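These notes concern the structure reproduced below.
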2 protein chains.
Amino acid sequence: MSAASSRATLIEVAKLAGTSKTSVSRFFGPERERLTPSLQTRIANAATALGYQPNLMARGLKGGGSRLLGVLVADIRNPFSVAVVHGIEQAARTHGYSLIVCNTDNDPEQEQQHLRLLKSYQIEGLIINAAGQPEAQLQALKHSGVPLVLLDREVRQLDVDVIGLDNALAIDMALDHLVRQGYRSILYASEPPAYASTRQERLQRFNQQAERLGIKSQTLILSSSAPDFETLTAFVEHPGSSPGAVLCANGNVTLAMTRSFQQLDITLGQTGLMGIDELDWCELITPGITTLAQPTDDIGHAAVSCLLNQLNGSAQASPVRYRHAPRLQIRGSTTLVPNF
Amino acid sequence: MSAASSRATLIEVAKLAGTSKTSVSRFFGPERERLTPSLQTRIANAATALGYQPNLMARGLKGGGSRLLGVLVADIRNPFSVAVVHGIEQAARTHGYSLIVCNTDNDPEQEQQHLRLLKSYQIEGLIINAAGQPEAQLQALKHSGVPLVLLDREVRQLDVDVIGLDNALAIDMALDHLVRQGYRSILYASEPPAYASTRQERLQRFNQQAERLGIKSQTLILSSSAPDFETLTAFVEHPGSSPGAVLCANGNVTLAMTRSFQQLDITLGQTGLMGIDELDWCELITPGITTLAQPTDDIGHAAVSCLLNQLNGSAQASPVRYRHAPRLQIRGSTTLVPNF
DNA sequence: CTGAAAGCGCTTACAG
DNA sequence: CTGAAAGCGCTTACAG
């Protein structure tokens, strides 16, 4: 159909520059300096004249490396994930890498499929926010020399670098804030913890610390179908001896809970509401929703650094865990007596 | 550093199966049926035994096609873009394609750089939501036989398929709704229209239709720095003979305007507020913000279809324009007398 | 400093 | 139905 005036190749450039493939190849690689200045300019001219772009797939084939990083996200529509991918992209670009981004929609099957594909593309590293527990595949990748970094979620029995939030610290900060603000009974709302280590860590820390602090605590696991109004209603009406607050395990939960608050006509602040993950609209819901913002750019950058360290061989012997601290963003939803 | 027990190759599979490279290659390609059932199973066994995955970069090199689609977005943190990419990904996966996703952060320089890279990766098609006007590069790509689809934004002097919203229809629907609701003076808020054809189209249609309908109209171009409270305040205080409404050109603007409304303590509904693009939180801002939702999945799917049509050679002679209709989502922000 | 040659893992006419 | 051979565009020892 199309004219397909196919792109110029190394050979054509060499011919036009009156030199060999080898020299042209060197010109576009790390050995450019070995070439005479005059040869360099001859090649440069020929290349621009022909609009030559090295074929990275060919280069990848022959040891040069694909310069491709795989990124596998569980939910690309989650603002947190998008923000991290943005950070990853920034860092990757700085180092001359491009990204193959795949989304699994939290489906382990799609995850398997994507992992197969990524392997096929000879990626030089993989950053994965796992949907399931693809230990076998990842183990195989790792074993075949592909640097790996787990993002936010761990995978059982897989001993590789993990980058994410300091979940224990986050829960501690949340509880500390809520208690300071006068809330003494806390409902912790989360998506089902199975398969997502982050959810488990946060939930576990919550239970542990709530007990240690003598806080009246309760847990609500959100089903993906209908919201659980009963539990929430009961909690709001009988929070115990003192005011209650709802702590949301992540942005999705915060969204769901905010909806529920509105539908049940629960006053923000009077019943506290706080969430892990910062979202565009948290400041817009009167009187503002208090959050723990994750440093998403830092997380993305750290993930790329880990990968590069592994590529350089300058990696630690044992896997690293980067636990980033969240930033507390205080708003009206955790103030008992709204001032108006 | 790592053992790099490198992956199995075609040759090893052939050896183990006691056959030739050719047959193994056929097995993994579209010609599998030409092989004897017995040969097929022998190869299948050998392949799984070795955990063989075809090297797609090698395949890409030798005519087989890279099975890679490029996606270039102007702002990956915009929920609209993310939703469309999600749709693209779904459709691409169905057809066995993976995505190289690049983000330009609305920077024409990054766009140039990414385009060069994408070309290097031998993508089989490109979906681009342009940041600048990269006509030359795109022209070259098109000329070298790479199917192209413009997403949302057109590029001047570039005659290729365009997928996006029916901007004229959207504006018409918005104006119709606002007028019906009793607003007679409308402030149209937009980001700077330069370089983004969508913004221009919407703005132009707004001006045109406002005049035709005899609506008192005004325009506010948002600067990226500080919000323009003066214009908004003046508009709210002197909307003319009858109530005024603000129409936001896209999701970013809706966000900015909602902030401004709150900071200036403007009551939603009393002064209308409506936006193109549906966002998670539009239903959460009391009394809800009326929107025109874009069918993002459809748009993503359509983009992939166009690409595939071009690849098949079954494309129209002249470029196609798919203008998708928005869906009106009515909420309290465009009701003059809130009922409570 | 420069180049001829082998080879990366695959596909595809072309023969048989 | 199957396979030997050439070649995709590049890199990298190895010689000169």
Side-chain angles (χ1 to χ4, degrees), chain A residues 4 6-44 46-47 50-68 117 119-124 144-145, chain B residues 4 6-44 46-47 50-68 117 119-124 144-145:
Chain A
S6 59
R7 32 211 120 184
T9 88
L10 197 56
I11 287 208
E12 310 182 46
V13 178
K15 207 162 288 174
L16 185 61
T19 180
S20 70
K21 288 161 54 181
T22 310
S23 295
V24 178
S25 175
R26 288 207 174 100
F27 181 82
F28 285 97
E31 307 188 69
R32 177 180 301 191
E33 294 316 320
R34 284 174 49 173
L35 273 33
T36 317
S38 84
L39 218 204
Q40 287 191 34
T41 55
R42 260 193 301 150
I43 295 180
L50 294 167
Y52 172 70
Q53 281 296 123
N55 179 332
L56 293 194
M57 309 214 79
R59 172 181 295 179
L61 194 56
K62 184 59 189 175
S66 66
R67 301 254 94 190
L68 231 33
L117 268 173
K119 188 177 170 196
S120 297
Y121 282 116
Q122 317 297 108
I123 51 170
E124 291 190 51
S144 73
Chain B
S6 59
R7 31 213 120 183
T9 88
L10 196 56
I11 286 206
E12 311 183 45
V13 177
K15 208 162 287 174
L16 185 62
T19 180
S20 70
K21 290 161 52 181
T22 311
S23 295
V24 178
S25 175
R26 287 206 175 101
F27 180 81
F28 286 98
E31 307 189 69
R32 176 181 302 191
E33 294 316 319
R34 285 174 48 172
L35 272 32
T36 317
S38 84
L39 217 202
Q40 288 191 34
T41 54
R42 259 192 301 150
I43 296 179
L50 294 168
Y52 172 71
Q53 281 295 125
N55 179 332
L56 293 193
M57 307 212 82
R59 174 180 293 180
L61 194 56
K62 184 60 190 176
S66 66
R67 302 251 94 191
L68 233 31
L117 268 173
K119 189 177 170 195
S120 295
Y121 283 115
Q122 318 295 109
I123 51 170
E124 291 190 51
S144 72

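Here is how names work: the chains are called A, B, and so on, in the same order as the sequence lines, proteins then strands, and each is numbered from 1. This is a predicted model, so every value here is computed, not measured.
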Query raised in the report: Taking C-beta and beyond as the side chain, do A:L56 and B:L117 meet within less than 4.5 Å on heavy atoms?
Result: yes
Query raised in the report: Got a donor-acceptor pair under 3.5 Å from the side chain of A:R34 to the base of C:dT2?
Result: yes
Query raised in the report: Does the side chain of A:T19 reach to within under 4.5 Å of the side chain of A:V24, using non-hydrogen atoms?
Result: yes
Query raised in the report: With respect to the side chain of A:T19, which nucleotide from C:dG3, D:dC10, C:dC14 is positioned closest?
Result: C:dG3
Query raised in the report: Considering only side-chain heavy atoms of B:L61, which listed nucleotide, C:dG3, C:dT11, C:dG9, is closest?
Result: C:dG9
Query - Rounded interatomic separation in angstrom, taking CZ from B:R32 and C1' from C:dT12 - result: 18 Å
Report summary line: Scanning all shown strands, the Watson-Crick or wobble mate of D:dA15 with both distances under 3.5 Å is C:dT2
**Report entry** Under-4.0 Å side-chain N/O to phosphate OP1/OP2 contact, A:T9 with D:dC8
**Finding:** no
Query raised in the report: Where each residue is assigned the nucleotide of DNA chain D containing its nearest heavy atom, which of A:N55 and B:G18 is assigned the position nearer the 5′ end?
Result: B:G18
Report summary line: Nearest-nucleotide check on DNA chain C, B:E31 vs B:A58; residue mapping nearer the 5' end is B:A58
Query raised in the report: How many Å lie between NZ on A:K62 and P on D:dT12, as a whole number?
Result: 8 Å
Query - Phosphate OP1/OP2 of C:dT2: any A:S23 side-chain N/O under 4.0 Å - result: no
Requested in this report: Please tell me which of B:T22 and A:K21 maps to the more 5' nucleotide of DNA chain D, matching each residue to the nucleotide holding its nearest heavy atom.
Outcome: B:T22
Requested in this report: Under 4.0 Å between any heavy atoms, over every strand shown, what does B:L56 touch: base, sugar-phosphate, or nothing? Just pick one.
Outcome: nothing
**Report entry** Separation of C:dG3 C1' from A:R42 CZ (nearest whole Å)
**Finding:** 13 Å
**Report entry** B:L10 CG - D:dA5 C1' separation (whole Å)
**Finding:** 14 Å
Query raised in the report: Is any side-chain N or O of A:S20 closer than 4.0 Å to OP1 or OP2 of C:dA4?
Result: no
Query raised in the report: Heavy atoms under 4.0 Å, any strand shown: does A:S25 hit a base, just sugar-phosphate, or nothing?
Result: base
Report task. Measure the distance from CZ on A:F28 to P on D:dT11 and round it to the nearest whole Å. Result -> 10 Å
**Report entry** Separation of atom OH in B:Y121 from atom P in D:dC8, rounded to whole Å
**Finding:** 22 Å
Report task. Looking at every strand, decide which applies to B:Y52 at a 4.0 Å heavy-atom threshold: base, sugar-phosphate, or nothing. Result -> sugar-phosphate
